[in-house]
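Lettering follows sequence order; numbering is per chain, from 1. Atoms considered below: every heavy atom in the structure, side chains included; atoms not considered: hydrogens, waters and symmetry mates. Just so it is clear, the structure is predicted and the values come from calculations on it, not from any experiment.
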Protein chains: 2
Amino acid sequence: MTRGPEKQFDTEIALAKAMEVFWAHGYEAASLSELLKNMGIGKKSLYDTFGNKRSLFLKALEHYANSIIRDMRNCLAAAGSPLGNLKQLLRNVQKIHSQPGSCGCMLGTNIADFNTDDEAIANVMRGYLRQVEDVFTATLVRAQAAGEISPDANPRNLARLLLCATQGIALLGRVMDDDTTLEGAVTAAISLLDCR
Amino acid sequence: MTRGPEKQFDTEIALAKAMEVFWAHGYEAASLSELLKNMGIGKKSLYDTFGNKRSLFLKALEHYANSIIRDMRNCLAAAGSPLGNLKQLLRNVQKIHSQPGSCGCMLGTNIADFNTDDEAIANVMRGYLRQVEDVFTATLVRAQAAGEISPDANPRNLARLLLCATQGIALLGRVMDDDTTLEGAVTAAISLLDCR
DNA sequence: GAAAAGATTGAACAATCGGTCTAAGTTAAG
DNA sequence: CTTAACTTAGACCGATTGTTCAATCTTTTC
């Protein structure tokens with residue numbers, strides 16, 4: 001079997017810690033020294049385990065995206081009214097990003113941070129954003145089938161608007177010092193969804 | 001009077017060039033070497049004229065914000081229906097950020113780029129965002145007075161939603177390779193504004 | 001105990017960062 | 001022409017970037 005000592009750190013925990021750093025500061029501004037400090041491992045261990053900074057970031061991004069998409073699905077697939085669940089989700093988004101020290105969505109922050117012509121990263125980002133859009137769409141389709149939103153509404157386009165709006169909310173939450181802006185935006189969105 | 005040779009470059013043009021670099025890459029990723037190359041001046045001239053990188057950024061940000069807020073006002077204050085003007089603005093936003101090579105909104109990009117605890121920068125950002133919100137609000141108030149949107153609507157909150165949505169649109173435009181997402185989002189927004 | 005395999009530490013790498021400063025060049029006033 | 005004021009290009013600074021690597025340590029197998 002394996003020879004030599006076991007790893008002195010948990011790969012998953014280290015990855016989660018790395019994710020926090022990339023989340024808070026974005027790819028470029030997340031320095032190796034801060035990553036290492038937060039992950040609690042040495043340089044060589046990082047490179048042996050995760051490759052390099054870029055592939056560590058990709059793994060952390062995957063960890064993040066899978067996590068929030070799972071949470072979204074859980075929230076929106078809850079029993080009861082699809083529209084009610086959607087409203088609840090929007091309120092949750094508002095609450096999370098209104099908290100002081102909130103650092104936005106890791107996807108959005110790094111869309112801004114990465115060079116726009118980095119196609120490899122852009123493709124990964126697009127994939128995750130598309131998943132979010134799809135989750136919104138599926139919920140809106142069910143809401144429409146249940147008669148909760150207008151039969152004339154276009155669920156796919158509505159989902160795209162929700163995607164843009166939530167990304168904007170997460171972004172603005174990074175800089176706003178009170179929650180009136182985010183609260184108002186979500187209130188307006190909910191009231192528009194109710195208008196049939 | 002003044003002695004010695006005149007400046008060999010135009011301060012305003014150099015500032016506009018600096019703005020382009022900060023716009024495309026964000027504060028951190030905009031290196032001095034690229035700034036100097038694009039501005040076409042020497043290091044010493046930059047530091048003598050603009051102070052340092054940070055104050056150059058603040059001047060460039062001011063230049064950008066004043067410019068887009070002026071454009072917004074022009075578009076929304078045009079003759080005719082306030083709601084019609086607003087729809088036109090949203091379509092313009094979509095078109096701009098759908099173009100290949102689009103690098104988003106300089107405000108949004110740098111909200112993501114800057115450390116969240118940099119209060120000085122955050123305050124400047126908040127000021128500009130608030131101005132955008134106010135322009136949206138004023139237009140919606142006029143649209144409401146003209147009976148173009150529901151008398152029950154809350155113009156301030158609607159403006160906050162439009163602020164978040166447009167920031168999200170600008171952000172996603174950086175990474176999207178086709179315009180279906182942005183087109184759908186704006187279409188949904190316009191159709192929601194029409195729902196009374 | 002010897003040897004092999006894996007993990008860790010920390011020194012060193014070249015490159016680049018933002019920023020400073022000296023030396024040279026240019027122009028206007030006296 | 002001299003001199004003072006101003007601009008410019010570019011060498012230079014220490015610090016930090018991401019990355020590599022040799023040496024050391026620890027544990028398991030034979």
Side-chain angles (χ1 to χ4, degrees), chain A residues 1-15 17-61 109-110 112-115 117-118 120-121, chain B residues 1-15 17-61 109-110 112-115 117-118 120-121:
Chain A
M1 280 297 157
T2 65
R3 288 220 246 178
E6 290 181 353
K7 268 197 167 64
Q8 293 182 5
F9 62 95
D10 184 313
T11 303
E12 287 302 313
I13 294 178
L15 185 60
K17 289 289 181 187
M19 183 192 74
E20 288 177 14
V21 179
F22 283 126
W23 191 356
H25 305 310
Y27 178 78
E28 294 286 354
S31 67
L32 272 212
S33 55
E34 189 165 7
L35 283 166
L36 295 174
K37 195 174 61 184
N38 258 63
M39 297 169 79
I41 67 175
K43 252 178 200 185
K44 189 67 159 51
S45 304
L46 188 152
Y47 277 83
D48 284 349
T49 310
F50 300 103
N52 57 15
K53 189 187 176 186
R54 186 191 175 88
S55 67
L56 171 64
F57 170 77
L58 283 171
K59 289 186 176 72
L61 187 65
T109 302
N110 284 285
D113 203 38
F114 260 96
N115 203 327
D117 57 6
D118 189 329
I121 299 282
Chain B
M1 279 298 153
T2 64
R3 289 221 245 177
E6 289 181 352
K7 267 197 169 60
Q8 293 182 5
F9 62 94
D10 184 312
T11 303
E12 286 301 314
I13 293 178
L15 185 60
K17 289 290 181 186
M19 182 192 74
E20 289 177 15
V21 179
F22 283 126
W23 191 355
H25 305 312
Y27 178 78
E28 294 285 355
S31 66
L32 272 211
S33 55
E34 190 165 7
L35 283 166
L36 295 175
K37 195 173 60 185
N38 258 63
M39 298 170 77
I41 66 175
K43 235 175 215 189
K44 189 66 159 50
S45 303
L46 190 152
Y47 278 83
D48 284 349
T49 309
F50 300 103
N52 57 15
K53 189 188 176 186
R54 187 191 174 89
S55 68
L56 172 64
F57 171 77
L58 283 171
K59 288 186 177 73
L61 187 66
T109 303
N110 284 284
D113 203 40
F114 261 95
N115 204 327
D117 58 6
D118 189 330
I121 299 283

If you draw a 6.0 Å radius around NZ in K17(A), do more than 12 non-hydrogen atoms from other residues or ligands fall strictly inside?
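Counting other residues, nucleotides and ligands, NZ of K17(A) stays at 12 neighbours or fewer.
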
Using the six-membered ring wherever Trp is involved, compare the ring planes of Y27(B) and F22(B) and label them parallel, tilted or perpendicular (cut-offs 30° and 60°).
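Correct class here is parallel.
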
Regarding N52(A), tell me which of base, sugar-phosphate or nothing describes its non-hydrogen contacts under 4.0 Å with the strands shown.
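Sugar-phosphate, no base atom in range.
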
Any donor-acceptor N or O pair under 3.5 Å, side chains D48(A), S45(A)
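There is no such pair between these side chains.
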
Please state whether the phosphate of dG18(C), meaning OP1 or OP2, lies under 4.0 angstrom from any side-chain nitrogen or oxygen of K53(B).
yes

Less than 4.0 angstrom between a side-chain N/O of S45(B) and OP1 or OP2 of dT8(D), yes or no?
yes

Rounded to whole angstrom units, what separation is found between the OH atom of Y47(B) and the C1' atom of dC12(D)?
14 Å

Expressed as a whole number of angstroms, how long is the span from K37(B):NZ to dT16(C):P?
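Nearest whole value for this atom pair: 12 Å.
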
Decide yes or no, distance alone: a donor-acceptor N/O pair under 3.5 angstrom between the base of dT19(D) and the side-chain of K43(A).
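Side chain to base: pair present.
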
Which listed nucleotide (dT19(D), dG18(C), dT22(C)) is nearest to the side chain of K44(B)?
dT22(C)

Specify the residues of residues 22-34 of chain B, ordered by number, for which at least one heavy atom lies under 4.0 angstrom from an atom of DNA chain C.
A30(B), S31(B), L32(B), S33(B)

CA sep, side-chain torsions, deciding dist, call: R54(B), D118(B), side-chain contact (heavy atoms from CB on, under 4.5 Å):
CA-CA 12 Å; R54(B) 187 191 174 89; D118(B) 189 330; 3.1 Å; yes

